[in-house]
Amino acid sequence: MKLPAHATIYEVGPRDGLQNEARQVPTVDKLRFIEALVGAGIRDIEITSFVSPKWIPQLADASEVARGVNRPAGVRMSALVPNRRGLDTALAAGMKEIAVFLSASETHNKKNVNKTIADTLKAFDEVIPVARAANVSVRAYVSTVYGCPYEGDVDPERAVELTGQLRDMGVYQVSLGDTIGVANPRQVEDVLGRVLAKHPAEAVAMHFHDTQGTALANCLVGLQMGVTTIDAAAGGLGGCPYAPGASGNLATEDVVAMLHSMGVQTGIDLDKLTEASRTAATFVGHELPSKYLKAHLGKQARARRQAERSTS
Ligand code: HMG
Ligand code: MG
């Protein structure tokens, strides 16, 4: 099997994960979560969103998070920005990287940012050049690449066209999103094959939600095709509030465990990462879907029971 020696995990739990939680997570818990993830060796992390608090109240404390977070050297921290207002707030809060976002399907785009795709690209004209002039790196997401909750099938050529337009505008990487978790490995091979025929692999990232349990299989296809940046959320937190049925992201510990066991390095300490997810489960107040985390918690509980039995 042809695999890269190293893969980059782009952690989106504090943003894609927490944007979808019913409970308002206190800023201090968000900061601890980010710190724990960085402590586990995560080097690329999306910490929040500078979007309208009317649309995503869960991340209304974006400035507090961005100002409060420790920024060790070598760690890239990013945040979603939908418009010039979001960019100005992000810059004032010290962000050095941002991500713009749009969808491959009109209806999801409209539900998510209240604009057509064409108008969203126009709004990026007010964001990307200003960010680049301020020495801020810009990443981009294309959502609903593999299927739309409103329109169903999406033409795979949309991903190719939008990747081209976004790269022409100055983004360094385009993350292709399976927003509702419907992609299958064959479809991933088709979409990535088309995109990679026109764009270098380092300009492309994979972003899978794990609704149907296909995210790891999808990642494996992308890795074999040379795409080495994988978006994931600790514990499998996540979902998009404007994509009904979208469940959690691919869990970071699930993909890291698979990569390490195949000899693909990530620089991440799996035990520390799993502890970060365990902590996140306590502050969101419910179990998280990660399989590796569940197995880890089961092992811990068995060890505790054994220790209690041997002392009683
Ligand atoms: P709008 O209502 O059309 O625009 O929202 P507006 O300009 O009328 O703004 C509405 C209100 O928000 C106004 O306040 C603005 O001032 C304010 P009011 O005057 O009524 O008091 N506002 C802002 N406040 C703070 N920061 C800002 C900002 N902009 C406006 N930046 C808008 C348009 C784009 C703002 C809105 O639709 C929005 O914020 N959408 C964000 C939706 C979102 O974050 N979705 C989830 C992220 S995407 C995702 O999860 C997918 C991804 O993970 C990849 C994948 O899985 O595929 C990335
Ligand atoms: Mg997402």
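Both ligands and their constituent atoms are indexed starting at 1 by order of listing. Everything numeric here is computed off the predicted structure, so don't read it as measured data.
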For [X], atoms of ligand 1 separated by under 4.0 Å from a heavy atom:
X: Asn83; result: 27 (C), 28 (C), 29 (N), 30 (C), 31 (N), 35 (C)
X: His209; result: 56 (O)
X: Phe50; result: 26 (N), 27 (C), 31 (N)
X: Asn112; result: 37 (O), 40 (N), 41 (C), 42 (C), 43 (C), 45 (N), 46 (C), 48 (S)
X: Pro53; result: 24 (N), 25 (C)
X: Gly86; result: 31 (N)
X: Tyr141; result: 54 (C), 58 (C)
X: Phe101; result: 48 (S)

Looking at Ser143, Pro82, Ser49, Ser175, which hits side-chain contact (heavy atoms from CB on, under 4.5 Å) with Phe101?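 Of the listed residues Ser143, Pro82, Ser49, Ser175, the side-chain contact (heavy atoms from CB on, under 4.5 Å) partner of Phe101 is Pro82.
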Please list the nearest protein heavy atom to [atom] with its residue and the distance rounded to 0.1 Å.
atom: atom 1 (P) of ligand 1; value: Asn114 ND2, 3.8 Å
atom: atom 49 (C) of ligand 1; value: Arg15 NH1, 3.6 Å
atom: atom 20 (O) of ligand 1; value: Lys54 NZ, 2.6 Å
atom: atom 2 (O) of ligand 1; value: Trp55 NE1, 3.3 Å
atom: atom 26 (N) of ligand 1; value: Val51 O, 3.3 Å
atom: atom 16 (O) of ligand 1; value: Arg85 NH1, 2.5 Å
atom: atom 12 (O) of ligand 1; value: Ser52 OG, 2.9 Å

With the side chain counted from C-beta on, respond yes when Gln173 and Thr229 share a heavy-atom pair under 4.5 Å apart, and no when they do not.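 Side chain of Gln173 against side chain of Thr229, heavy atoms only: contact under 4.5 Å found.
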Less than 4.5 Å apart, side chain to side chain, heavy atoms only: is that true for Val204 and Val174?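 Side-chain contact under 4.5 Å: no.
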Where's the contact between [X] and ligand 1, heavy-atom distance under 4.0 Å: side chain, backbone, both or neither?
X: Pro82; answer: side chain
X: Ile56; answer: side chain
X: Asp16; answer: side chain
X: Arg84; answer: neither

Reported [atom1]-to-[atom2] distance for the pair [X] and [Y], which is rounded to 0.5 angstrom:
X: Asn249; Y: Asp16; atom1: CG; atom2: CG; answer: 4.0 Å
X: Leu176; Y: Arg158; atom1: CG; atom2: CZ; answer: 12.5 Å
X: Asp61; Y: Gln24; atom1: CG; atom2: CD; answer: 6.5 Å
X: His209; Y: Leu250; atom1: NE2; atom2: CG; answer: 9.5 Å
X: Lys111; Y: Cys148; atom1: NZ; atom2: SG; answer: 9.5 Å
X: Gln187; Y: Asp153; atom1: CD; atom2: CG; answer: 7.5 Å

Salt bridge or not between Asp254 and Lys291? Use side-chain N to carboxylate O under 4.0 Å.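 Looking at Asp254 and Lys291, the cut-off is not met.
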Between Lys122 and Asp119, is the closest basic N to carboxylate O distance under 4.0 Å?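 A salt bridge is present here (some side-chain N lies under 4.0 Å from a carboxylate O).
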Check whether NZ of the Lys or CZ of the Arg [X] lies under 6.0 Å from the centre of the six-membered ring of [Y] and within 45 degrees of that ring's axis.
X: Arg139; Y: Tyr10; value: yes
X: Arg278; Y: Tyr292; value: no
X: Arg15; Y: Tyr141; value: yes

Rounded to the nearest 10 degrees, what's the angle NE2 of His209 makes with OD2 of Asp16 at the Mg ion (ligand 2)? Could you check?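 NE2 of His209 and OD2 of Asp16 make an angle of 100° at the Mg ion (ligand 2), to the nearest 10°.
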Check this for me: Arg132, atom CZ, are more than 12 non-hydrogen atoms of other residues, nucleotides or ligands nearer than 6.0 Å?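 Incorrect, the count does not exceed 12.
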Check whether more than 12 heavy atoms from other residues, nucleotides or ligands sit under 6.0 Å from atom CD of Glu287, and answer yes or no.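 Counting other residues, nucleotides and ligands, CD of Glu287 stays at 12 neighbours or fewer.
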At a 4.0 Å cut-off, with the gap strictly under it, does some heavy atom of Ser49 reach an atom of ligand 1?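 It does not; every heavy atom stays at 4.0 Å or beyond.
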Residue selection (non-hydrogen contact nearest [atom]) among [options]:
atom: atom 46 (C) of ligand 1; options: Lys111, Gln19, Gln58; value: Gln19
atom: atom 32 (C) of ligand 1; options: Val113, Ile180, Leu80; value: Val113
atom: atom 54 (C) of ligand 1; options: Ala60, Ser143, Gly177; value: Ser143

Is [atom] less than 4.0 angstrom from at least one protein heavy atom?
atom: atom 4 (O) of ligand 1; result: no
atom: atom 39 (O) of ligand 1; result: yes
atom: atom 22 (N) of ligand 1; result: yes
atom: atom 51 (C) of ligand 1; result: yes
atom: atom 8 (O) of ligand 1; result: no

Consider only side-chain heavy atoms of I, L, V, M, F, W and Y, link residues closer than 4.5 Å, and tell whether Val221 and Tyr146 are in one cluster.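 Same cluster: Val221 reaches Tyr146 through Ile, Leu, Val, Met, Phe, Trp or Tyr contacts under 4.5 Å.
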Are any of the N/O atoms in His207 less than 3.5 Å from those in ligand 1?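 Indeed, backbone or side chain, His207 has an N or O that close.
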